[in-house]
Amino acid sequence: MAAVNPAIHQDTHDIHDHKPHGFLHRWLFTTNHKDIGTLYLVFSLAMFFVGGAFAMVIRAELFQPGMQLVQPEFFNEMTSMHGLVMIFGAIMPAFVGLANWMLPMMIGAPDMALPRMNNWSFWILPFAFLMLFSTMFMPGGGPQGGWTMYPPLALQGGMNVAFSIFSIHMMGISSIMGAINIIATILNMRAPGMDLLRMPVFVWSWLITAFLLIAVLPVLAGAVTMLLTDKYFGTSFFNAAGGGDPVMYQHIFWFFGHPEVYIMILPAFGIVSEVIPTFSRKPLFGYQAMVYALACIAFLSFIVWAHHMFTVGMPLGGNLFFMYGTMLIAIPTGVKIFNWVTTMWGGSLTFETPMLFACAFVILFSIGGFSGVSLALVPADFQYHDTFFVVAHFHYVLVTGAAFAIMAAVYYWLPKWSGHMYSEKWGKVHFWSSAISVNLLFFPQHFLGLAGMPRRIADYNVAFAEFNMISSIGGFWFGLTQIIFVGVIVHCVFFSRVRATGQVWEGSHGLEWTLPSPAPYHSFSEPPVITAGMLAHGDVSR
Amino acid sequence: MATGKHDPDDVETRRAHARRTAWILLGVVVLIFIVSIINGALLR
Amino acid sequence: MANPQPWDWNMPKGVSGISQRVYDLHMLGFYVCLGIGAVVFTIMFIAMFRFRKSRGAVAETWAHSTRLETVWTIIPILLLMMLAWPATRLLIDMNDVGDADLTVKVTGFQWRWHYDYVEYEKANTGVAFISSLAAESNRVRQLGSGLDPHSVKDEDYASYLLDVDNPLVLPVGVKIRFVITADDVNHAWWVPTLGWKQDAIPGIVNDAWTQIDEPGTYRGQCAELCGRDHAFMPIVIRALPKAEFEQWLASRKAGAASTAALVTGPGHRG
């Protein structure tokens, strides 16, 4: 760090690389945002493989018509657990891990605002998931009512109901604490000169996402608490026999669930908005429009929840309102897509692995967006709803959207974290293998759904055999490909001999790139003095 | 949130502001949780 | 073909005026998306080839254009309005369940459908029965049965998991109103050739309507996760010309009178 704030008299050499000693002491008790970020990322990678293993069981059973491998109740357990693990275990912790690592470095803060709570919010997670997985070994097995846990079906479960609800409470508490920490950090810990409208888009995306988390996770907690009291304490929130309303649960759940979808995609937008300008060597097109589009999408996410339930029998006016609201989301999302493409136009492009993932994100996420527009049309949704068309839609958005963005982010920042370059060759192998197999996996699912195959079925008519087999082959291929991902990361962190420079990428701008690579254990202990040209957005002339 | 701008505050002052932000947000969380359950009880 | 065939990749046009309009709306949405996708991806690919650093491209520095951003905010609004208009009209028509000549009450329960011909031409029919997965499909679908799903046939159609013991017999050319509910957990009643599905929810009575244009056998299944045998509660409609339907109904009525105790079905509510 070249610039030392004269107001603070401190020996900078003293705080350099002051890691705690001992493996347990370091990782269990750490309050360092970089360590906690690493913990989150490693955890989410592990969960990505666990949830992926569940998906492999699903695809193996659906490989051919007829029941070959598992009983239908176990199949239902796999679909439910796959959803819960991928959403709460893989995607969300990965984004929180990226936030922990990058936000303080991007805004010039020494650490997260509340480091001890940060430790707590991570260490709740492994226990929450242990509790969730333990249900699979209980009498009656794990949850089988889908990740949405609709009553009355979900309440037919045995012991797993209480355990899975408590584990969801714990995951919610973890995420809420993480979100509070992120907001407190971004609002209070920015370096002088890092005005709100000069923040990197990734920081903006996380600020908005954190507000979404704060607003909707308590609603999920409320919904599952009501399930719990319905099951064990004789209340009738959702029990029709007792005067309750099963549809009420769906409304409450999706009031959480729809913003949750954006919680899983807004940080991905942020990542792509960092990666594309870097490898285009050109500033992000329409920075302010990008920020306003994020805010606009976040606002709209609160008024479109019932598009997940067009078939429950809402009144005409309700269906129309939610159809129009949903269609509106296409406008700010379109602005984002067009702005990314325009950022590339007139640039000087190179296609390192992060850029490849970001470009694939723009194309494949758009395809998910197109099926989303179709799904918004209520009469057409009466056909699409609860079919494989929907499965294809949200996997395009979440796998080739969120997961691809996370992979782009890992390749993008890994040299900054580890101090070494990953193998570009194997990164590209990972990308191409993923990009081809994921389309083989999910594209035929559009056809299956349109032809009439419902989702969440363990077995199907022979007419659906061909596309299911193609999809399964793509699934196994995509699953195996992710081992390359682990290989590239392990090689980069432990074995790579190619040292990364501070700036890492020729076109990178922003405070995190002014630090050496690997980023020192304690960075920006004094706020950096921001000079002209340092930031990616907005100029500092003061 | 005003403290983010060009102020000479040291890190500890910022952290104190951050803690206050966090407590306010925690209050919001608890409030939303309660409202969601009241909503489940009244609107069914 | 009305029922799923191997390599089917698009929505069936169906056998009612409504299902045809649903199909048309689906295709309109598809073409609009295809058009946008073609333009955006073409521009993106041109950018990816033309502005490569390896081809000597030098980055420009502009990063804003209010005019461009206004243009691509307004064009999607116009396209969306083009989609919203037919969707709204169709939805209003689908919602109009009045003036039906036949009312069928559909009750889902784990894992069967109960059909009750509540009213035909303003008269109570007293016909009701349970429809469950056909025995042959049920035998083949057991884990490790070793039987080939392709061998299950119904009228030359490979009907594995899409066949039942008692199909729902309906008249052609008659407006039919369905009232749909459930007894235990949520289900959804879906026959793709009718163009819609409707959730069956305990304590709630939903309605929907259709008017089938052609006689035939139309197959569908439960579309809302309802537990262990969710995959094994199919729906089969046998659509008959009006006269044949009335004959069938009369014979069922006669049968029902003698075996009234057998057809009461599951307990009813709401």
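Small disclaimer: the values here were computed from a predicted structure and weren't measured. FYI, side chains are in, hydrogens and waters are out, and symmetry mates aren't considered; it's all heavy atoms of this structure. Protein chains get the first letters and strands the later ones, always in sequence-line order, with residue 1 at the start of each.
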Looking at [options], which has the largest count of heavy-atom pairs under 4.5 Å with chain A?
| options | result |
| --- | --- |
| Ala63(C), Gly56(C), Ala57(C) | Ala63(C) |
| Ile201(C), Leu28(C), Leu147(C) | Ile201(C) |
| Gly195(C), Ser65(C), Gly144(C) | Gly195(C) |
| Met94(C), Arg141(C), Glu69(C) | Glu69(C) |
| Pro149(C), Pro76(C), Gly29(C) | Pro149(C) |

Review point. Relative to the ring of Phe338(A), is the ring of Trp72(C) parallel (under 30°), tilted (30 to 60°) or perpendicular (over 60°)?
Key: tilted
Which portion of [X] sits near chain A, non-hydrogen atoms under 4.5 angstrom:
| X | result |
| --- | --- |
| Asn186(C) | both |
| Trp196(C) | both |
| Gln198(C) | both |
| Gln142(C) | backbone |
| Ile74(C) | neither |
| Thr61(C) | backbone |
| Phe232(C) | side chain |
| Thr66(C) | neither |
| Asp148(C) | neither |
| Val58(C) | backbone |
| Asn206(C) | side chain |
| Leu91(C) | both |

Point to revise | Part of residues 317-326 of chain A lying next to chain C, heavy-atom separation under 4.5 Å | key: Asn319(A), Leu320(A), Met323(A), Tyr324(A)
Practice item. Apply side chain to side chain contact (heavy atoms under 4.5 Å, CB included) to the pair Phe382(A) and Leu194(C), showing each step before the final yes or no. Key: CA-CA 10 Å; Phe382(A) 287 158; Leu194(C) 300 189; over 6 Å; no
Practice item. Evaluate the side chain to side chain contact (heavy atoms under 4.5 Å, CB included) criterion for residues Asp386(A) and Trp190(C): first the C-alpha distance (whole Å), next the side-chain angles of each, then the deciding distance (0.1 Å), finally the verdict. Key: CA-CA 10 Å; Asp386(A) 259 327; Trp190(C) 182 36; over 6 Å; no
Exercise for review: Give a yes or no on whether the backbone of Thr311(A) and the side-chain of Lys197(C) come within a donor-acceptor separation of less than 3.5 Å.
Suggested key: no
Point to revise | Heavy atoms of other groups near Arg456(A) CZ, more than 12 under 6.0 Å | key: yes
Which atoms of [X] are under 4.5 Å from chain C, going by heavy atoms: the side chain, the backbone, both sets, or neither?
| X | result |
| --- | --- |
| Gln383(A) | both |
| Pro151(A) | backbone |
| Ile363(A) | both |
| Ser280(A) | backbone |
| Leu155(A) | neither |
| Val312(A) | both |
| Phe467(A) | side chain |
| Leu375(A) | neither |

Taking all atoms of both residues into account, what is the closest heavy-atom pair of [X] and [Y], and its distance?
| X | Y | result |
| --- | --- | --- |
| Pro192(C) | Gly452(A) | CG-CA, 4.3 Å |
| Pro246(A) | Pro202(C) | CG-O, 3.6 Å |
| His64(C) | Gly286(A) | ND1-CA, 4.2 Å |
| Leu153(A) | Leu225(C) | CD2-O, 3.5 Å |

Contacts table for residues 70-77 of chain A: side-chain donor-acceptor under 3.5 angstrom, sequence neighbours left out:
from, atom 1, to, atom 2, distance (Å)
Asn76(A), ND2, Gly227(C), O, 3.0
Glu77(A), OE1, Gly142(A), N, 3.4
Glu77(A), OE2, Gly142(A), N, 3.2

To the nearest 0.5 Å, what is the distance between [atom1] ([X]) and [atom2] ([Y])?
| X | Y | atom1 | atom2 | result |
| --- | --- | --- | --- | --- |
| Thr79(A) | His230(C) | OG1 | NE2 | 9.0 Å |
| Leu316(A) | Ile92(C) | CG | CD1 | 5.5 Å |
| Leu68(C) | Trp345(A) | CG | CH2 | 11.5 Å |
| Cys226(C) | Gln156(A) | SG | CD | 9.5 Å |

Pairwise side-chain contact, [X] with [Y], heavy-atom cut-off 4.5 Å (strictly under):
| X | Y | result |
| --- | --- | --- |
| Gln221(C) | Ile457(A) | yes |
| Tyr460(A) | Tyr160(C) | no |
| His26(C) | Leu377(A) | no |
| His446(A) | Trp9(C) | no |

Between [options], which has the largest tally of heavy atom pairs under 4.5 Å with chain C?
| options | answer |
| --- | --- |
| Asn339(A), Val362(A), Leu284(A) | Asn339(A) |
| Thr350(A), Thr343(A), Asp381(A), Thr342(A) | Thr342(A) |
| Pro379(A), Gly507(A), Pro315(A), Ala465(A) | Pro379(A) |
| Ile367(A), Leu328(A), Val335(A) | Val335(A) |
| Gln68(A), Arg281(A), Arg455(A) | Arg281(A) |
| Gly346(A), Gly313(A), Ala376(A) | Gly346(A) |

Side-chain atoms of residues 34-54 of chain C: list all donor-acceptor pairs with protein atoms under 3.5 Å, sequence neighbours left out, distances to 0.1 Å.
from, atom 1, to, atom 2, distance (Å)
Thr42(C), OG1, Ala38(C), O, 2.4
Arg52(C), NH1, Met48(C), O, 3.4
Lys53(C), NZ, Glu506(A), OE1, 2.9
Lys53(C), NZ, Glu506(A), OE2, 3.3

Point to revise | Contact residues of residues 80-87 of chain C (partner chain A; heavy-atom separation under 4.5 angstrom) | key: Leu80(C), Leu83(C), Ala84(C), Ala87(C)
